[in-house]
Amino acid sequence: MKKKIIRVTTVPLSLSGLLQGQLKFMSNYFDIVAVSSKGKDNALARVSGYENVPTVAVEMTRKITPFKDLFAVWKLYKVFKKEKPFIVHSHTPKAGTLSMLAAKLAKVPHRLHTIAGLPLVEATGTKRFILNIVEKITYKCATKIYPNSYGLVDIILENDFTKKDKLKVIANGSTNGIDTSYFDPSIINDETKLFELKKSLNILEDDFVFVYTGRLVTDKGINELMTAFNRISTEHEKVKLLLVGTYENDLDPLLPESMEIIQNNKNIACTGWVDDVRPYFAISNALVFPSYREGFPNVVMQSGAMKLPSIVTDINGCNEIIEHEKHGLIIPVKDDEAIYESMNYILSNQDEAIKMGLLSRANIVSKFERKRVWEALLAEYQNLN
């Protein structure tokens with residue numbers, strides 16, 4: 001008889017995106033149940049179809065909502081008491097706190113939480129104080145913490161959130177790795193479709209395209225990127241910036257002047273949310289990812305697998321995927337001048353940038369292939385008694 005594992009995230013998008021394919025793989029060895037909020041248009045039910053595992057909806061918010069949070073802890077507790085899992089494994093900050101607390105109350109023997117970035121790093125004052133307490137509660141209730149990068153281990157220890165013996169990085173880092181047979185430029189080769197995509201975005205055949213993929217928020221360095229690219233586009237012809245992602249104006253809005261640049265600079269193209277980012281990488285020449293904080297960014301692995309060189313900030317995750325001047329350029333955080341200079345360097349050294357892209361794919365294939373991460377996590381589960 002298979003042992004039961006409950007995987008928990010705050011929203012179903014994390015189950016279907018962050019953990020894509022992993023639950024289905026693990027269901028060959030364990031009974032897997034997926035728990036998250038129901039999501040828009042009952043997105044959780046679709047996760048059940050993709051991953052072929054049962055799901056349970058427990059409403060959780062991404063904001064600080066004490067009364068709703070306590071109710072969610074109670075609901076999770078009831079789920080855990082009913083299902084009697086061997087392991088509860090949570091992802092995303094809110095799901096981690098609520099489910100680790102509920103799992104401890106329910107006396108679940110193995111309470112695992114994956115850390116994929118720490119929002120509190122950018123918080124200050126009272127908010128930082130509260131988030132620190134919440135983080136310590138999560139770690140205290142968990143039996144094992146899996147930071148998804150080695151840099152996160154250092155941050156956790158520096159903040160005295162927990163002891164070193166409770167921490168472990170799975171494989172070489174990353175929560176789910178990359179399917180390099182899917183993120184492969186050789187299969188995104190329909191020239192007619194790529195030409196039409198460029199045309200729809202007002203990108204000409206001889207334009208050099210920088211691409212950013214992710215949420216269009218302050219924490220991702222978009223304000224600095226706008227300042228830098230606005231300069232670049234006045235000094236260079238045939239340069240475009242492609243923004244692939246959505247705004248989160250209620251949680252982390254951009255500065256008004258950044259929005260103005262996005263709206264008025266004809267060399268910036270915005271796509272909104274897309275289901276498949278590969279064609280957008282295929283029509284681009286380099287990734288720019290000036291984030292303030294990360295866990296282990298999928299975007300940088302995805303673009304590297306698609307043979308793009310990357311401009312990334314010197315933060316955990318990014319600096320573990322990219323080696324400076326080998327796979328791309330590593331720059332300081334919150335520095336529009338550094339973004340500007342690095343984009344100029346790539347534009348002036350395009351043959352070198354192509355070589356960086358080729359080395360990037362080789363690096364991703366050797367270190368971050370998805371099956372490698374899954375098998376390492378499976379071994380971790382199987383070693384628990």
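All values below were derived from every heavy atom in this structure, side-chain atoms included, with hydrogens, water molecules and symmetry-related copies excluded.
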Tell me, yes or no, whether the heavy-atom count around Lys38 atom NZ, taken from other residues, nucleotides or ligands under 6.0 Å, exceeds 12. no
Quick one: does Arg62's side chain get under 4.5 Å of Lys94's, heavy atoms only? no
Out of curiosity, does Ile354 fall in the hydrophobic cluster containing Ile364 (side-chain heavy atoms, cut-off under 4.5 Å, transitive links)? no
Drop me the distance from Phe30's CZ to Lys2's NZ, to the nearest 0.5 angstrom. 10.0 Å
Assess the residue pair Phe229 and Val239 against the criterion (side-chain contact (heavy atoms from CB on, under 4.5 Å)); give the C-alpha distance rounded to whole Å, side-chain angles, the decisive distance to 0.1 Å, and a yes or no. CA-CA 9 Å; Phe229 184 76; Val239 178; 3.7 Å; yes
Just wondering, are more than 12 heavy atoms of other shown residues or ligands nearer than 6.0 Å to CG in Asp351? no
With side chains defined as the heavy atoms from C-beta onward, is the minimum distance between Asn172 and Phe368 less than 4.5 Å? yes
Can you tell me if His89 and Tyr146 form a side-chain donor-acceptor pair at under 3.5 Å? no
If you define the side chain from C-beta out and look only at heavy atoms, does anything of Leu384 sit under 4.5 Å from Phe86? yes
First locate atom CD1 of Ile178, then atom NZ of Lys367, and finally report the distance between them rounded to the nearest 0.5 Å. 14.0 Å
Report, as yes or no, whether the 6.0 Å neighbourhood of atom NZ on Lys198 holds more than 12 heavy atoms from other residues, nucleotides or ligands. yes
Would you say the side chain of Glu224 lies within less than 4.5 Å of the side chain of Tyr292, judging by non-hydrogen atoms? yes
With a 4.5 Å limit on heavy-atom distance, are the side chains of Leu98 and Val58 in contact? no
Asn265 and Ser233: side-chain hydrogen bond (donor to acceptor under 3.5 Å, both in side chains), yes or no, with the steps? CA-CA 8 Å; Asn265 189 323; Ser233 63; 3.0 Å; yes
For Lys4, which residues count as a salt bridge (Lys or Arg N to Asp or Glu O under 4.0 Å) partner, sequence neighbours excluded? Glu83
Among residues at least two apart in sequence or on other chains, which ones pass salt bridge (Lys or Arg N to Asp or Glu O under 4.0 Å) with Lys334? Glu122
A side-chain contact here means heavy atoms from C-beta on lying under 4.5 Å apart; do Ile115 and Glu135 qualify? yes
Measuring from Asp165:CG to Leu167:CG, what's the distance to the nearest 0.5 Å? 8.0 Å
Between CD1 of Ile330 and OG of Ser342, what distance do you get to the nearest 0.5 Å? 11.5 Å
Are Ile222 and Ile261 grouped together when hydrophobic residues (ILVMFWY) are joined by side-chain heavy atoms under 4.5 angstrom apart? yes
Counting only heavy atoms not in Gln382, do more than 12 fall under 6.0 Å of its CD? yes
Would you find more than 12 non-hydrogen atoms of other residues, nucleotides or ligands less than 6.0 Å from Lys193 atom NZ? no
Tell me whether Lys166 at atom NZ has more than 12 heavy atoms from other residues, nucleotides or ligands lying less than 6.0 Å away. yes
May I ask you to check whether Tyr182 and Gln20 show a side-chain donor-acceptor distance below 3.5 Å? no
Decide, yes or no, whether a salt bridge links Arg231 with Glu337 under the criterion of side-chain N to carboxylate O below 4.0 Å. yes
To the nearest 0.5 Å, how far apart are CG in Asp154 and NZ in Lys164? 8.5 Å
Can you check whether Pro297 reaches Cys318 side chain to side chain, under 4.5 Å on heavy atoms? yes
Check the pair Arg361, Asp184 against salt bridge (charged side-chain N to carboxylate O under 4.0 Å, His left out), reporting the backbone distance first and the verdict last. CA-CA 9 Å; Arg361 176 163 174 83; Asp184 182 350; 3.7 Å; yes
Under 3.5 Å, is there a donor-acceptor pair between the Glu352 and Tyr345 side chains? yes
Contact check, side chains of Glu323 and Leu359, non-hydrogen atoms, under 4.5 Å: no
Verdict with supporting geometry, Tyr212 and Phe210, ring pair (Phe, Tyr, Trp, His ring centres under 6.0 Å): CA-CA 7 Å; Tyr212 164 85; Phe210 291 100; over 10 Å; no
Over 12 foreign heavy atoms within 6.0 Å of CD, Glu235: yes
